[in-house]
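Only this structure's heavy atoms are used, side chains among them; waters, hydrogens and symmetry mates stay out. By convention in this document, chain letters (A, B, ...) are assigned in the order of the sequence lines, proteins followed by strands, and residues within each chain are numbered from 1. Note that the structure is predicted; figures quoted are calculated from it, not measured.
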There are 2 protein chains.
Amino acid sequence: MVKNSNSRREDSLTRERIIDASIDILDGSGESGLTFRALAQRLATGAGAIYYHIDNKGDLLTSACDTIVARTLQTTAPDTTPRDAIRAAALSMFDAIDAHPWIGSALNQAPGQLPVVRIMERLGQQVAAMGVPEDAQWSTVSALLSYILGVSGQNAANAHYGRARGVDRSTFLAQVATAWSELDADAYPFTRRVAAGLREHDDRRDFDVGLDLILNGIDAAARGR
Amino acid sequence: MVKNSNSRREDSLTRERIIDASIDILDGSGESGLTFRALAQRLATGAGAIYYHIDNKGDLLTSACDTIVARTLQTTAPDTTPRDAIRAAALSMFDAIDAHPWIGSALNQAPGQLPVVRIMERLGQQVAAMGVPEDAQWSTVSALLSYILGVSGQNAANAHYGRARGVDRSTFLAQVATAWSELDADAYPFTRRVAAGLREHDDRRDFDVGLDLILNGIDAAARGR
DNA sequence: ACCTGAACACCGTTCAAGT
DNA sequence: ACCTGAACACCGTTCAAGT
């Protein structure tokens with residue numbers, strides 16, 4: 001903080017600048033667009049220079065993800081009920097993944113790493129505040145976290161799939177809906193029944209409803225004994 | 001079925017043989033071990049020959065995953081309560097992912113594809129049997145599916161991480177636990193408190209508890225109105 | 001200490017050529 | 001119809017050489 005205050009040279013290579021450039025590339029071209037060559041070109045440097053500041057590609061992706069997660073959780077309302085705080089944090093994560101789909105994939109590749117821990121910590125503090133007994137807090141938080149990461153991963157995969165095929169999200173969902181409606185009627189009655197509605201479903205609302213289901217279960221267990 | 005009954009030539013290349021070989025490689029060397037070159041060598045053929053039977057690597061991975069998922073769901077007990085049937089299906093999926101960690105990753109890369117649909121269909125039929133009203137079935141199934149896929153993905157990532165570092169699962173978890181216990185005490189009280197217990201936690205039991213939480217929420221909602 | 005960029009050891013995929 | 005295997009267009013990562 002004190003010494004080496006601001007980088008005098010505007011173009012000096014720092015870990016922060018590398019991560020910011022990575023986020024730009026990831027937002028613009030998706031996960032497959034982030035290569036060391038593309039990154040080096042954007043930063044007007046050599047590919048090898050990046051390794052002076054970054055361990056490897058996994059480190060780069062996790063750090064970029066962590067920047068977004070930290071930013072996202074920071075801007076979440078603090079003084080509400082624990083349950084509302086969990087919901088607010090989860091929904092703001094959903095929105096962040098909607099805006100940066102690659103995060104969903106990055107989170108699922110970084111078990112126990114900082115970005116996941118940030119989410120876990122937020123959940124854990126609020127689960128404790130909800131009155132969940134101490135010996136049940138871990139599994140409760142795990143359940144919430146798994147649910148959030150599961151939705152994240154699927155959203156990321158949907159975005160990735162759509163991008164790869166060069167179609168937008170809704171046309172991709174329409175293709176899936178068509179495929180589902182053509183499945184065998186005896187073996188897949190539920191999937192066929194649900195296929196038609198797939199197009200007009202609101203993912204964010206579905207996420208919220210599922211969250212409510214889990215929170216109800218937690219509340220019941222916390223009050224139950 | 002009728003014509004071309006059994007491949008006369010023991011070594012003729014078929015889609016099925018390719019997928020079986022892929023499963024062997026994935027089980028033995030993980031996702032990064034599955035390359036077209038390694039596969040071609042194992043099948044004593046050229047790399048390009050595989051493309052005559054398989055669209056691309058994604059298709060290959062999804063198909064290999066689907067083989068395991070189909071096998072897994074097939075061997076699940078049929079005549080129990082809907083709730084028990086959901087639990088049995090989910091736990092057998094957990095065990096399958098434990099045995100073949102790459103499935104967790106494959107499932108999360110194949111949204112709306114056959115292996116995921118198989119799980120969804122199973123869940124959907126039992127959710128309907130639980131008495132969940134029709135207009136709530138989709139979001140209910142989505143919640144269960146997201147939870148299962150979330151746990152899958154994390155298990156797969158844990159296995160992948162461990163393999164990459166050349167350590168087994170428990171030493172990897174021990175490393176994570178150490179890192180967690182060294183986090184800032186003010187910012188990460190929950191994570192630090194939980195770090196010590198990470199080593200001896202039973203993932204399968206945690207998964208079961210979380211599942212119960214969601215199923216309780218579903219039961220309450222189904223009876224509630 | 002920090003950066004350069006060629007080189008290494010791989011990938012998935014294609015495609016002319018074979019049978 | 002099915003297979004071969006060289007070739008193409010990439011990757012992440014390393015490392016001698018520069019400043």
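- Rounding to whole angstrom units, CG of residue A:D55 and P of D:dT13 are separated by 10 Å.
- C:dA17 atom C1' lies 19 Å from atom OH of B:Y51, rounded to whole Å.
- When the nearest nucleotides of DNA chain C are assigned to B:R37 and A:G46 by heavy-atom distance, the more 5′-ward of the two goes with A:G46.
- Nucleotide D:dT19 has C:dA1 as its partner under the Watson-Crick or G-U criteria, with both atom distances under 3.5 Å.
- With salt bridges taken as basic N to acidic carboxylate O contacts below 4.0 Å, one links B:D203 and B:R169.
- Side-chain polar atoms of B:S105 and B:Q109 form a donor-acceptor pair below 3.5 angstrom.
- The side chain of A:Y52 places no N or O atom within less than 4.0 Å of a non-bridging phosphate oxygen (OP1 or OP2) of C:dC3.
- Rounded to whole Å, the distance from CZ on B:F36 to P on C:dT13 is 5 Å.
- Taking CD of A:E121 as the start and CG of A:L123 as the end, the distance is 9.5 Å to the nearest 0.5 Å.
- Between A:F207 and A:F94, the ring center distance clears the sub-6.0 Å criterion.
- In this structure, A:L34 reaches the sugar-phosphate backbone alone: every heavy-atom distance under 4.0 Å involves primed, P, OP1 or OP2 atoms, never a base.
- Both B:N56 and A:A44 lie close to DNA chain C; mapped to their nearest nucleotides by heavy-atom distance, the more 5′-ward contact belongs to A:A44.
- For A:D59 and D:dG12, the CG to P distance is 14 Å, given to the nearest whole Å.
- Between the NZ atom of A:K57 and the P atom of D:dC11 there is a distance of 8 Å, rounded to whole Å.
- Between the CD atom of A:E31 and the P atom of D:dC11 there is a distance of 14 Å, rounded to whole Å.
- The CD1 atom of A:I50 sits 15 Å away from the P atom of C:dA6 (whole-angstrom rounding).
- Distance CD (A:Q109) to P (D:dG12): 13 Å, rounded to an integer number of Å.
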